[in-house]
Every structure is written in structure tokens, then in C-alpha cells.
Amino acid sequence: MGQLVLQRLMEAEAESRCGAARYERSTERVNQRNGYRDRALETRLGTLHLRPPRSARI
């Protein structure tokens, strides 16, 4: 459950930084998405496997 929540939060932050949603064309776009990274986050509940979005300046 925590993994899903963190993944959704990272997606929302990436959309706000880009100025457009994923696969959306927008004149306000200031950035573009560039895939994902695989990362492991160690917590008291165990290891969460996350995929933070990457971005690149236009």
C-alpha cells in the first residue's frame, strides 16, 4: 500500500514540474519525461521497490 501511494505522489510531482500530464501535449510544458529509474527504499516495514520518473529540460 505504501509503495502505491509513494509512486502516485512521485507521478503527480513529475506532472506538476513538467506542466503537462503524461503523453499530453501542452504549450505550457517546460520539461519532458525521460523514463524511470529503479530504486529501493528501505523502511521499517520492509523494502519498497519504486520507479521515480526521470525528466529532461527542453
Side-chain angles (χ1 to χ4, degrees):
M1 186 67 167
Q3 182 173 336
L4 178 65
V5 171
L6 287 174
Q7 190 66 44
R8 296 280 170 112
L9 285 172
M10 288 187 293
E11 291 288 339
E13 182 179 357
E15 286 180 12
S16 70
R17 286 185 181 205
C18 285
R22 193 171 177 200
Y23 301 115
E24 178 184 354
R25 304 256 186 246
S26 173
T27 57
E28 291 85 31
R29 182 179 287 269
V30 295
N31 207 336
Q32 68 185 21
R33 308 227 5 196
N34 193 19
Y36 292 91
R37 298 179 191 155
D38 291 324
R39 295 287 188 254
L41 177 65
E42 298 291 331
T43 67
R44 290 186 293 169
L45 303 175
T47 303
L48 303 178
H49 298 283
L50 301 172
R51 298 185 68 218
R54 296 171 58 176
S55 61
R57 282 284 209 217
I58 294 178

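Source: prediction; values computed, not measured.
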S.K.: Any donor-acceptor pair under 3.5 Å linking the side chain of Gln3 with the backbone of His49?
M.R.: yes
S.K.: Could you check whether any side-chain N or O of Glu28 sits under 3.5 Å from a backbone N or O of Ala20, counting only pairs where one atom can act as donor and the other as acceptor?
M.R.: no
S.K.: Does any part of the side chain of Thr47, heavy atoms only, come nearer than 4.5 Å to the side chain of Leu41, both counted from C-beta?
M.R.: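 Leu41 does not reach Thr47 side chain to side chain.
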S.K.: Would you say Met10 and Pro53 make side-chain contact, with heavy atoms under 4.5 Å?
M.R.: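 They are in contact (side-chain heavy atoms under 4.5 Å apart), so the answer is yes.
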S.K.: Is the closest side-chain heavy-atom distance between Arg22 and Arg33 below 4.5 Å?
M.R.: yes
S.K.: Quick check for you: to the nearest 0.5 Å, what is the distance between Cys18 atom SG and Glu13 atom CD?
M.R.: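 Going from SG on Cys18 over to CD on Glu13, the span is 10.5 Å.
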S.K.: What's the separation between atom OG1 in Thr43 and atom CG in Leu48, rounded to the nearest 0.5 Å?
M.R.: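 Those atoms lie 4.5 Å apart.
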S.K.: Under a plain distance cut-off of 3.5 Å, with no hydrogens placed, do Ser26 and Glu24 share a side-chain donor-acceptor pair?
M.R.: no
S.K.: Give the minimum heavy-atom separation between Arg51 and Gln7, together with the two atoms involved.
M.R.: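 Between these two residues, the closest heavy atoms are O-NE2, 2.8 Å.
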S.K.: Could you tell me the separation between the CZ atom of Arg29 and the CD atom of Glu15, rounded to the nearest 0.5 Å?
M.R.: 9.5 Å
